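Below: one structure, written as structure tokens.
Everything numeric here is computed off the predicted structure, so don't read it as measured data.
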Amino acid sequence: MARIGYADPDDLTGELKDWYDRLPPNPRMFLTLALAPGTADLFMKLGTAIHDTLELPERLVEIDAAVVTQVAGSAYLLKRHHPPANTLTTVERNALLAGAGPDDIESFDDRDRAVHRFVKALIDSPRVDDTTFADAQLELSDRELVELIQTHGYYWMLAQLDCTLRLADNP
């Protein structure tokens, strides 16, 4: 069972009501975010921007999301996050969700491996070592590096909300 309750959909107004009306059924993560209405709309806009406006390729976004999901053990993200079909193959996504390392996935190129290593390093510490950073910097523009860190923070926060509050435990 989830550790806290959810915002009541009947009490949502304005932009939060609009978001709720557009979401698939049983949006527990959103109703959790809506408990903090001052940031919920901004968080939803960030999620939209991650998938609609970044220079960072969606494939790299999804490598990050899968690694975060696996490392955090986020059952909610595993169930509810449905990446665009053309970003990762089923084999790649399943391998990432099973904990495969960057050298374990044959179809990964140097860029994919550098992003995987960078994301894992971010999970271990916000102070990414110089070698891992340099490898990522060879493969990504400065803008893409910043976008990757932002994207990582977004998915890491979702995973933390899920795991800390046990959102996936509530039917």
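- A salt bridge (Lys or Arg N to Asp or Glu O under 4.0 Å) check over residues 85-95, counting only residues at least two apart or in different chains, returns the pairs Arg59-Glu92.
- In this structure, CD1 on Ile50 lies 7.5 Å from CD on Gln150, to the nearest 0.5 angstrom.
- Sorted by first then second residue, the ring-ring contact (aromatic ring centres under 6.0 Å, His included) pairs that include residues 42-85, not counting sequence neighbours, are Phe43-Tyr154, His81-Tyr155.
- Ion pairing of Lys17 with Asp21 is present here, as a side-chain N (NZ or NE/NH1/NH2) and a carboxylate O approach within less than 4.0 Å.
- In this structure, the salt bridge (Lys or Arg N to Asp or Glu O under 4.0 Å) partners of Glu147, at least two apart in sequence or on a different chain, are Arg143.
- No donor-acceptor pair closer than 3.5 Å links the side chain of Arg3 to the backbone N or O of Arg166.
- Taking each heavy atom of Val128 and Phe133 in turn, the nearest pair found is CG1-N, 3.8 Å.
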Side chain to side chain contact (heavy atoms under 4.5 Å, CB included) assessment of Val91 paired with Asn94: CA-CA 5 Å; Val91 170; Asn94 288 344; over 6 Å; no
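- Atom CZ of Arg22 sits in a crowded spot, with more than 12 heavy atoms from other residues, nucleotides or ligands closer than 6.0 Å.
- One side chain, Asp162 or Ser74, offers a donor N or O that lies under 3.5 Å from an acceptor on the other.
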Show the atom names and distances, to 0.1 Å, of all donor-acceptor pairs under 3.5 Å that link a side chain in residues 115-122 to residues at least two apart or in another chain.
{"residue": "His116", "atom": "NE2", "partner": "Ala100", "partner atom": "O", "Å": "3.1"}
{"residue": "Arg117", "atom": "NH2", "partner": "Asp103", "partner atom": "OD1", "Å": "2.8"}
{"residue": "Arg117", "atom": "NH2", "partner": "Asp103", "partner atom": "OD2", "Å": "2.9"}

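- By the side-chain contact (heavy atoms from CB on, under 4.5 Å) test, Ala66 is found to be paired with Leu96, Leu97, residues two or more places apart in sequence or in another chain being considered.
- In the displayed structure, Glu55 atom CD is contacted under 6.0 Å by more than 12 heavy atoms of other residues, nucleotides or ligands.
- With sequence neighbours left out, Glu15 forms a salt bridge (Lys or Arg N to Asp or Glu O under 4.0 Å) with Lys45.
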